[in-house]
Amino acid sequence: MREKVAAVLDKIRPSLQADGGSVELVDVTEDGIVKVTLTGACAGCPMSQMTLKNGIERLLKQEVPGVKEVINV
């Protein structure tokens, strides 16, 4: 599952980089929790939680079976 998650994040990353931020994969647990770190402009952005839940998490749930939640660590 980690490889599939990484591939989806690779698709998302250019959009975040266009705004000066990025996302890094930290871990994928066996129970479907994806741990990421938002970096650059995303790290301090007030909209980062919305980006995380409505963007990254939604897309990962659609494309990778078994993903239950995405959290920023």
Side-chain angles (χ1 to χ4, degrees):
M1 183 187 327
R2 184 179 177 91
E3 292 80 20
K4 290 179 182 178
V5 168
V8 173
L9 291 178
D10 286 343
K11 286 193 235 177
I12 297 169
R13 197 168 287 114
S15 298
L16 297 174
Q17 289 172 337
D19 289 328
S22 191
V23 61
E24 295 175 10
L25 179 60
V26 175
D27 193 22
V28 178
T29 67
E30 289 187 23
D31 56 348
I33 306 300
V34 176
K35 297 178 182 179
V36 299
T37 300
L38 295 173
T39 60
C42 290
C45 177
M47 299 299 284
S48 64
Q49 191 63 24
M50 195 167 89
T51 299
L52 185 71
K53 293 296 178 182
N54 295 339
I56 297 170
E57 182 176 274
R58 182 180 54 80
L59 193 59
L60 281 171
K61 284 180 173 179
Q62 284 177 358
E63 296 201 20
V64 183
V67 170
K68 292 188 175 47
E69 184 180 13
V70 178
I71 57 172
N72 186 30
V73 293

Please test Val73 against Asp27 for side chain to side chain contact (heavy atoms under 4.5 Å, CB included), starting from the C-alpha separation and ending with a verdict. CA-CA 10 Å; Val73 293; Asp27 193 22; over 6 Å; no
Working for salt bridge (Lys or Arg N to Asp or Glu O under 4.0 Å), residues Glu69 and Lys53: CA-CA 8 Å; Glu69 184 180 13; Lys53 293 296 178 182; 3.5 Å; yes
Can you tell me if Lys61 uses its side chain to pair, donor with acceptor, with the backbone of Lys68 under 3.5 Å? yes
On a heavy-atom basis, which atom in Leu38 and which in Asn72 lie closest, and how many Å separate them? N-OD1, 3.1 Å
Taking all atoms of both residues into account, what is the closest heavy-atom pair of Val36 and Leu52, and its distance? CG2-CD1, 3.7 Å
Show the numbers, then the answer: is there a side chain to side chain contact (heavy atoms under 4.5 Å, CB included) between Val34 and Thr29? CA-CA 7 Å; Val34 176; Thr29 67; over 6 Å; no
State whether Lys35 and Glu24 are salt-bridged, where the test is any N-O pair (Lys NZ or Arg NE/NH1/NH2 against Asp/Glu carboxylate O) under 4.0 Å. no
Determine whether Ile33 and Ile71 satisfy the following criterion, side chain to side chain contact (heavy atoms under 4.5 Å, CB included), listing intermediate values before the conclusion. CA-CA 7 Å; Ile33 306 300; Ile71 57 172; 4.0 Å; yes
Distance col, row Ile56:CD1 vs Leu9:CG, nearest 0.5 angstrom, shows 6.5 Å
Please report the shortest heavy-atom distance between Ser22 and Cys42, naming the atom on each side. N-SG, 3.9 Å
Note: Arg2 and Val28 closest approach over all heavy atoms is NH1-N, 3.8 Å
Identify the two heavy atoms, one from Ala41 and one from Asp19, that lie closest to each other, and give their separation to 0.1 Å. CB-O, 3.5 Å
With a cut-off of 6.0 Å (strictly less than), are more than 12 heavy atoms of other residues, nucleotides or ligands near CD of Glu30? no
Decide yes or no on side chain to side chain contact (heavy atoms under 4.5 Å, CB included) for Leu59 and Val8, but give the supporting numbers first. CA-CA 8 Å; Leu59 193 59; Val8 173; 4.0 Å; yes
Any non-hydrogen side-chain atom of Thr37 less than 4.5 Å from a side-chain atom of Val23? no
Minimum heavy-atom distance Val64-Met1, with the two atoms named: CG1-CG, 3.6 Å
